[in-house]
Trainee: 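Handing you a structure now.
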Amino acid sequence: MELFFNPFDNLVCILLGISFTVWFTLLLVFIIVPAIFGVSFGIRRLYMKTLLKVFEWATLRIERGAKEKNHLLYKPYSNAIIAKEPTSLEEEIKEIRRSGSNKDLDSATEFELSDIFYFARRGVESIMDDEVTKRFTAEELKSWNLLTRSNYNFHYISLRLTVLWGLGLLIRYGFLLPLRVTLAFTGVGLLVFLTSVVGLLPNGRMKNFLSEKVHLMCYRICVRALTAIITYHDSENKPKNGGICVANHTSPIDVIILASDGCYAMVGQIHGGLMGVIQRSMVKACPHIWFERSEVKDRHLVAKRLSDHVEDKSKLPILIFPEGTCINNTSVMMFKKGSFEIGATVYPVAIKYDPRFGDAFWNSSKFGMVNYLLRMMSSWAIVCSVWYLPPMSREEGEDAVQFANRVKAAIARQGGLVDLLWDGGLKRAKVKDTFKEEQQKLYSKMLVDGLAQSWAPLTD
């Protein structure tokens, strides 16, 4: 039997071999090795500065084209009610009564029909400018970042802008996405393999040292898989062993953002599939806290596991996101009190993303995890700032809820976020009756106090 060899096929195989060799050599030299030693060549920050200049040029072209063609290319969200100085329920109702009567009503002693207008107006304001629901949608941008996902009113403006958008599409999906997917698989694969190997070692300093280095290296590779550009502030306040690190929650990648700068003990539910494989390998090298599905709702069991962990000062600090759900990078919502009941030192951390390069918010009701990660890896970059705040402890006479609110206020203040009292669970649940009853109690108290004041001179 005669064999025929096509020289062209041999040439293609050689070129493919050379391409893969060059590809992985570049990954090793410029990404993986720097990740091992925790160094950076400054390529990502140069890339970020270049993007900013491109966005500025594109914005000028957009504004000029919109004026010339009278097109609505991009219009920020602007239908919110004009904010006014906050006033109490009693003051507003008195003002309504005065405006509807010639009498000077300085006290609210009994119900009047005009009081209905206060509750009706507050209801309309809540519908028009709902401060809860809009926290679960993507943050509005002031200018276009050349991503169609952030501009649903796209119109043709100019040939230059269209060519620039097409070039960006080619770069993001033709170069950056394959590179990032390769890095992600590399980071996760190394994490599973190396933590399993370290887990075979006996407990001791050497195991803890190697576990820390392995986790840091793998998380830094994963950070590079997102082209994440992170600025850490006040590193002297980084969480220490035996403490609890609490942070605002925008995205699942919050874990990678923080873990690439320090090691933490993770807390979560045991999963199956690939996530389960990762969890089982990680816990071999480091004492993470995983719960079975049946154990998650047992608050006493969860609290005991957390307390036992923080009492051992040799164990890593626990990383917890007390909001319990992802918020869209504009605010901080109610912290669950569980992690503040333990009595351990709390290390607050504020995380703030720059949405100009990519929206890090995970809208779990709209996108699955795979779809979300694809959007992250096809964005320009993930840029964020992390602030380590001074450690905080529960004060004398302060309950867990008050302590949680104090920590939340500090995080919101540092990150430039809106501090909200609402529960993030409202993303999937209805408003509790207690919130409605609270307004009823305030109104009843106003009437009772006014009646008491009117009767005071008679009793004297």
Trainee: Would you indicate whether Lys240, at its atom NZ, is surrounded by more than 12 heavy atoms from other residues, nucleotides or ligands within a distance under 6.0 Å?
Mentor: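 Atom NZ in Lys240 is packed in, count exceeds 12.
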Trainee: Answer yes or no: is there a side-chain heavy-atom contact under 4.5 Å between Met217 and Leu194?
Mentor: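 The answer is yes; the side chains approach within 4.5 Å.
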Trainee: Minimum heavy-atom separation for Ile253 to Ala360, with atom names?
Mentor: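 Of all heavy-atom pairs spanning Ile253 and Ala360, the closest is CD1-CB, 4.4 Å.
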Trainee: Heavy-atom distance under 4.5 Å between the side chains of Val198 and Lys207, does that happen here?
Mentor: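 Sidechains of Lys207 and Val198: in contact.
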Trainee: Please report the closest heavy-atom contact between Pro287 and His309, naming both atoms and the distance.
Mentor: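 Reported closest heavy-atom pair: O-CE1, 3.4 Å.
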Trainee: I would like to know whether Asp234 and Leu389 meet side-chain contact (heavy atoms from CB on, under 4.5 Å); could you show each step before the answer?
Mentor: CA-CA 7 Å; Asp234 305 321; Leu389 279 66; over 6 Å; no
Trainee: With a 4.5 Å limit on heavy-atom distance, are the side chains of Tyr264 and Leu316 in contact?
Mentor: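 No. Closest side-chain heavy atoms not under 4.5 Å.
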Trainee: Just wondering, more than 12 heavy atoms not from Lys337 lying within 6.0 Å of its NZ?
Mentor: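 No.
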Trainee: If you round to the nearest 0.5 Å, how far is SG of Cys263 from CG of Leu216?
Mentor: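 The SG atom of Cys263 is 4.0 Å from CG of Leu216, to the nearest 0.5 Å.
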Trainee: Test Leu319 against Met266 for side-chain contact (heavy atoms from CB on, under 4.5 Å), laying out the working first.
Mentor: CA-CA 6 Å; Leu319 177 59; Met266 309 296 176; 4.1 Å; yes
Trainee: Main chain of Asn329, side chain of Lys352: is a donor-acceptor contact present, judged purely on distance under 3.5 Å?
Mentor: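 Answer holds: yes.
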Trainee: Measure the acute angle between the ring planes of His233 and Trp387, then classify it against the limits of 30° and 60° as parallel, tilted or perpendicular.
Mentor: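 Answer is parallel, since the angle falls under 30°.
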Trainee: Does atom CE of Met206 have more than 12 heavy-atom neighbours from other groups under 6.0 Å away?
Mentor: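 Not buried by this count: 12 neighbours or fewer within 6.0 Å.
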Trainee: Quick one, Val310 and Thr345 - any side-chain contact, counting heavy atoms below 4.5 Å?
Mentor: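 The answer is no, as the side chains (C-beta and beyond) never meet within the 4.5 Å cut-off.
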Trainee: Applying side-chain contact (heavy atoms from CB on, under 4.5 Å) to Leu177 and Leu374, what does each step give before you reach the verdict?
Mentor: CA-CA 8 Å; Leu177 182 59; Leu374 179 63; 4.0 Å; yes
Trainee: Does anything in residues 185-232 pair up under ring-ring contact (aromatic ring centres under 6.0 Å, His included), and if so which pairs, sequence neighbours excluded?
Mentor: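 Output for this query lists His215-His288.
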Trainee: Quick check: closest heavy atoms across Tyr353 and Cys384, and the distance to 0.1 Å?
Mentor: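 That would be CD2-CB, 3.5 Å.
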Trainee: Do you know which two heavy atoms are closest between Gly168 and Trp380, and how far apart they sit?
Mentor: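 Heavy-atom minimum between the residues: CA-CH2, 3.5 Å.
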Trainee: Work out which heavy atom in Pro391 is nearest to a heavy atom in Asn237; give both atom names and the distance.
Mentor: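 Minimum heavy-atom separation between Pro391 and Asn237: CD-OD1, 4.4 Å.
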Trainee: Kindly indicate whether the side chain of Leu258, heavy atoms from C-beta on, has any atom under 4.5 Å from the side chain of Ile351.
Mentor: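 Heavy-atom side-chain distance check passes, below 4.5 Å.
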Trainee: Could you check if a side-chain atom of Phe357 sits within less than 4.5 angstrom of a side-chain atom of Ser379, using non-hydrogen atoms only?
Mentor: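 Result no, sub-4.5 Å side-chain heavy-atom pair not found.
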Trainee: So, the side chain of Tyr372 versus the backbone of Phe361: is there a donor-acceptor pair under 3.5 Å, distance only?
Mentor: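 It does not hold such a pair.
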Trainee: What is the distance from atom CD1 of Ile229 to atom OH of Tyr47, rounded to the nearest 0.5 Å?
Mentor: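 Ile229 CD1 to Tyr47 OH: 7.5 Å, rounded to 0.5 Å.
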Trainee: Of all the heavy-atom pairs spanning Thr227 and Ala381, show the shortest one and how long it is.
Mentor: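 Shortest heavy-atom contact: O-CB, 3.4 Å.
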Trainee: State, yes or no, whether a side-chain contact exists between Ser211 and Asn208 at a heavy-atom distance under 4.5 Å.
Mentor: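 With C-beta onward as the side chain, the pair stays apart.
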Trainee: When you measure from the side chain of Arg394 to the backbone N and O of Gly343, does any donor-acceptor pair fall under 3.5 Å?
Mentor: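 Pair absent, no side-chain N/O of Arg394 close to backbone of Gly343.
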Trainee: Flag yes if more than 12 heavy atoms outside Glu236 fall under 6.0 Å of its CD atom; otherwise flag no.
Mentor: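 Check passes, neighbour count above 12.
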Trainee: Pair Val267, Arg305 - check side-chain contact (heavy atoms from CB on, under 4.5 Å), show working.
Mentor: CA-CA 10 Å; Val267 179; Arg305 291 277 300 276; over 6 Å; no
Trainee: Look up atom CD1 in Ile256 and atom CZ in Arg224, then write down how far apart they are to the nearest 0.5 Å.
Mentor: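 Reported value, rounded in 0.5 Å steps: 13.0 Å.
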Trainee: Extract all donor-acceptor atom pairs below 3.5 Å that involve side chains of residues 401-412 and protein atoms in other chains or at least two apart in sequence.
Mentor:
from   : atom 1 : to     : atom 2 : distance (Å)
Gln402 : OE1    : Asp399 : N      : 3.2
Asn405 : ND2    : Val401 : O      : 3.3
Arg406 : NE     : Glu398 : OE2    : 2.9
Arg406 : NH2    : Ser393 : O      : 2.8
Arg406 : NH2    : Glu398 : OE1    : 3.0
Lys408 : NZ     : Asp419 : OD1    : 2.3
Lys408 : NZ     : Leu420 : O      : 2.9

Trainee: Output the distance between atom CD1 (Ile289) and atom CD1 (Ile320), rounded to the nearest 0.5 Å.
Mentor: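 So the CD1 of Ile289 and the CD1 of Ile320 are separated by 7.5 Å.
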Trainee: How long is the span from the CG atom in Leu210 to the CD atom in Glu212, to the nearest 0.5 Å?
Mentor: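 Those atoms lie 10.0 Å apart.
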Trainee: Lys336 side chain to Glu323 main-chain N or O, any donor-acceptor pair under 3.5 Å?
Mentor: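 Indeed, once roles are kept as given, a pair shorter than 3.5 Å links the two residues.
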Trainee: Answer yes or no: is there a side-chain heavy-atom contact under 4.5 Å between Thr231 and Val386?
Mentor: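 No, every pair of side-chain atoms sits at 4.5 Å or beyond.
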Trainee: How many angstroms lie between CG in Leu373 and CZ in Arg180, if you round to the nearest 0.5 Å?
Mentor: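 Reported to 0.5 Å precision, the distance equals 12.5 Å.
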